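Inspection log for the structure reproduced underneath, given as structure tokens.
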Amino acid sequence: MSVTHAPHTADVLTRQDPELAEILLGELHRQSSTLQLIAAENFCSPAVLAALGSPLANKYAEGYPGARHHGGCEIVDVAERLAVERAQSLFGAEHANVQSHSGSSAVLAAYAALLRPGDTVLALGLPYGGHLTHGSPANFSGRWFDFVPYGVDAETGLIDHDQVRALARTHRPKAIVCGSIAYPRHIDYAFFREVADEVGAYLIADAAHPIGLVAGGAAPSPVPYADVVCATTHKVLRGPRGGMILCGAELAERVDRAVFPFTQGGAQMHTIAAKAVAFGEAATPAFTDYAHQVVANARVLAATLADEGLVVTTGGTDTHLVTADPAPLGADGRTARGRLAAAGMVLDCCALPHADSRGLRLGTAAVTTQGMAEKEMMRIAALLAGVVRGEVESVGAREEVRDLVGGFPPYPA
Ligand SMILES: *Cc1c(COP(=O)(O)O)cnc(C)c1O
């Protein structure tokens, strides 16, 4: 008997709902014929997709293994225990909660576990790469908590440690959040722990981006330092779209209750099974190689973009992530992103610490999964610069992108 897998699913859909099947195939074509440079994206494996498309999607499972509010959970309980054990072992954490539906849900639960509405929280300001859940007025976080933002040095682009310490002493926050959607360097978790201890604050690491590098030993782990680590499972970690929380044994019960029943209902067992698959993959030597290649690729991408004249934030990267100002090439971030999109190069804009105009944010997680290495990064950076300068016509660039990605299919037939 075969568990559901992508081609089988596609067959069923093609017969029953050709209209929707057409959309899925169109997206598969888009993903494999353009360059995926969005820093938060990746290509999860066929095994992860198989778990996501499995009948575990049918199961209601409120609660936790051995303590569910529904009957018939004896098999999905095994899946969740496996996911938890694999996460704990992969990250050396005393406790893992794998039920968060997304990175944002994980952060919400972390706040719910440790804070009360109105509490003061110190976090990287949104203009410097803080996430919406780090105090945006458009998000629950900005509405329910009193966020004090810290920033980065305008010259170096590095987190301003002196400012963090001074703000912590002045505002005595209940929690300090470290983590970002755009910071290309390692975060000094020991420093944040020291400041948190000095002012009696909890330390929450929102490691949504680098957690995959941590799994592969290519970035320092926040687990020994933070009271609670929030993460996504779908970025560099290459699992299904979802979140997770890691913490010490003493906070385990509070974190679990903050996820269910405080902020979520039934667990998504197909996603949890897919997380287990991804944690299993991330524990292999192949994934360690992958994580290091992701960083090597990002370093070459950053260096080549700098050679081409872009201003690379912090002068380079330690991670999968590069942010850069294309202004010297004659375009702001928004204009550049439009030109690049027409050429089939998909990436994001981001705020820049040193400029009012927006910059570009790119990542190497997806292209590295496809098998691209340093040589391809140089080709991508040169092509990107040519397109932004307006030297390469978008039709010609689109051809070159097609030629490049044609050699690296994300899902080989
Ligand atoms: C991606 C990200 C999130 C949110 O994850 P979602 O799954 O999109 O909700 C939260 N915090 C940080 C730092 C992120 O990078």
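Order of appearance sets the numbers: ligands from 1, and atoms from 1 within every ligand. The structure displayed is predicted, hence computed values, not measured ones.
In this structure, H234 contributes its side chain and G242 its backbone to a donor-acceptor pair below 3.5 Å. The closest donor-acceptor contact from the side chain of T317 to the backbone of P184 lies under 3.5 Å. Formation of a donor-acceptor pair under 3.5 Å by the T314 side chain with backbone atoms of G316 is found in this model.
For the residue pair Q36 and T34, a side-chain donor N or O sits within less than 3.5 Å of a side-chain acceptor on the partner. Between the side chains of T335 and D332, at least one donor N or O sits under 3.5 Å from an acceptor N or O.
For ligand 1, the 4.0 Å heavy-atom shell takes in S102, G103, S104, H131, S180, I181, D206, A208, H209, T232, H234, K235, ordered by chain and residue number.
With a 6.0 Å cutoff to the six-membered ring centre and a 45° limit on the axis angle, R238 counts as a cation-pi contact of Y290.
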